[in-house]
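Everything on this sheet refers to the single structure shown next.
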Amino acid sequence: MEEQKIVVAGVIHHEGKFLMLKRSNHENFFPNKWELPGGKVEFGEEPNHALTREIKEETGLEITAFFPIKCTHYMIEKPEKKRHTIQIIYLTNTTNPTNVQLSTEHSQFQWIAINELNQLDTFEDVPAILQEARKRLENLKE
């Protein structure tokens, strides 16, 4: 079986650090992997709405001033299924970064600097995504 889905992810920044979440060990795909908050865009849902909904569900945070910075895609292949996922990545911030409340999808969170990323078991494209986010943030300051 083949399927395709669209997901959104938020690069949430605060004081030079970025929010990373650790997937729970009971997740079917990539248990215990560190990732950016986000999730699936429901059928007919506007991606911006999906982003605010998913981040609220996963972290309890309200986000503000977000805009897309990158679009990626990846394949997941299992014996019974092939899935092509398209991911829209947004740069955003939050009004209350100290109030992270995780859902059951994640077991931990950390605010990390890019140079600390190698301490986490994360996806190979995350360093480039955070570098792009940092570059965009620097451009906004100018």
Side-chain angles (χ1 to χ4, degrees), residues 1-78 80-117 119-142:
M1 179 173 86
E2 294 180 344
E3 69 177 17
Q4 189 169 37
K5 73 177 192 174
I6 300 170
V7 297
V8 291
V11 178
I12 303 173
H13 65 94
H14 176 67
E15 295 181 354
K17 296 196 174 191
F18 300 97
L19 182 63
M20 296 292 296
L21 307 180
K22 184 177 183 184
R23 294 174 65 83
S24 295
N25 63 4
H26 60 76
E27 289 294 314
N28 289 333
F29 292 104
F30 307 111
N32 298 312
K33 220 38 162 170
W34 287 84
E35 66 181 357
L36 298 166
K40 183 179 177 189
V41 178
E42 301 295 336
F43 183 81
E45 186 177 29
E46 200 272 323
N48 290 354
H49 179 264
L51 179 73
T52 57
R53 176 184 53 76
E54 283 288 346
I55 288 178
K56 179 73 172 169
E57 288 173 5
E58 290 186 355
T59 68
L61 298 175
E62 301 283 343
I63 58 169
T64 60
F66 55 89
F67 59 91
I69 60 169
K70 191 171 184 80
C71 187
T72 64
H73 72 99
Y74 54 90
M75 297 286 293
I76 297 174
E77 294 189 41
K78 292 204 169 196
E80 71 282 358
K81 183 191 327 188
K82 264 189 199 179
R83 184 174 76 199
H84 179 224
T85 302
I86 298 168
Q87 183 177 43
I88 306 167
I89 302 162
Y90 293 79
L91 179 61
T92 187
N93 57 22
T94 181
T95 56
N96 192 0
T98 60
N99 197 25
V100 177
Q101 299 170 9
L102 296 177
S103 71
T104 58
E105 292 177 45
H106 297 94
S107 59
Q108 295 177 40
F109 73 92
Q110 283 189 38
W111 289 96
I112 64 155
I114 293 175
N115 63 355
E116 300 169 321
L117 200 53
Q119 300 169 15
L120 305 180
D121 178 18
T122 191
F123 298 98
E124 65 183 41
D125 63 344
V126 172
I129 291 168
L130 295 187
Q131 290 287 1
E132 177 68 23
R134 183 168 64 185
K135 186 168 68 173
R136 296 287 184 107
L137 288 168
E138 289 169 0
N139 289 342
L140 289 174
K141 290 179 185 176
E142 295 176 354

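Computed from heavy atoms alone, side chains included, the values below leave out hydrogens, waters and symmetry copies. In this text, all values refer to a predicted model and were calculated from it rather than measured experimentally.
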Flag side-chain contact, heavy atom, 4.5 Å: [X] against [Y]:
X: F66; Y: I12; value: no
X: H13; Y: L91; value: yes
X: F67; Y: R136; value: yes
X: Y90; Y: I63; value: no
X: K17; Y: E116; value: yes
X: L61; Y: L19; value: yes
X: H106; Y: K22; value: no
X: F109; Y: P37; value: no

Quiz item: cation-pi between R83 and F29, 6.0 Å / 45°: yes

Give a yes or no answer on whether the side chain of [X] reaches the backbone of [Y] with a donor-acceptor pair at less than 3.5 Å.
X: T59; Y: V100; value: no
X: T94; Y: E62; value: yes
X: S24; Y: E105; value: yes
X: T92; Y: T64; value: yes
X: E46; Y: H49; value: yes

Let me confirm one number: the [atom1]-[atom2] distance from [X] to [Y], rounded to the nearest 0.5 Å.
X: T122; Y: I129; atom1: OG1; atom2: CD1; result: 8.5 Å
X: Q110; Y: Q119; atom1: CD; atom2: CD; result: 7.5 Å
X: I6; Y: I88; atom1: CD1; atom2: CD1; result: 6.0 Å
X: N139; Y: R134; atom1: CG; atom2: CZ; result: 12.0 Å
X: K82; Y: I76; atom1: NZ; atom2: CD1; result: 13.0 Å
X: F30; Y: N28; atom1: CZ; atom2: CG; result: 11.5 Å

Full working for side chain to side chain contact (heavy atoms under 4.5 Å, CB included) between W111 and E15: CA-CA 9 Å; W111 289 96; E15 295 181 354; over 6 Å; no

Salt-bridge criterion met for E138 and K135 (N-O under 4.0 Å): no

Provide the closest heavy-atom pair for [X] versus [Y] in the form atom of the first, atom of the second, distance.
X: L51; Y: G10; result: CD1-N, 3.7 Å
X: P31; Y: N25; result: CB-O, 3.5 Å
X: P47; Y: V8; result: O-CG1, 3.8 Å

Side chain to side chain contact (heavy atoms under 4.5 Å, CB included) between H73 and H84, worked out: CA-CA 7 Å; H73 72 99; H84 179 224; 3.2 Å; yes

Test of ring centre spacing under 6.0 Å for Y74 and F123: no

More than 12 heavy atoms of other groups within 6.0 Å of K40 NZ: no

Q4 atom CD, over 12 foreign heavy atoms within 6.0 Å: yes

Derivation of the side chain to side chain contact (heavy atoms under 4.5 Å, CB included) call for L102 and S107: CA-CA 7 Å; L102 296 177; S107 59; 5.9 Å; no

Side chain to side chain contact (heavy atoms under 4.5 Å, CB included) assessment of M20 paired with V126: CA-CA 10 Å; M20 296 292 296; V126 172; 4.0 Å; yes

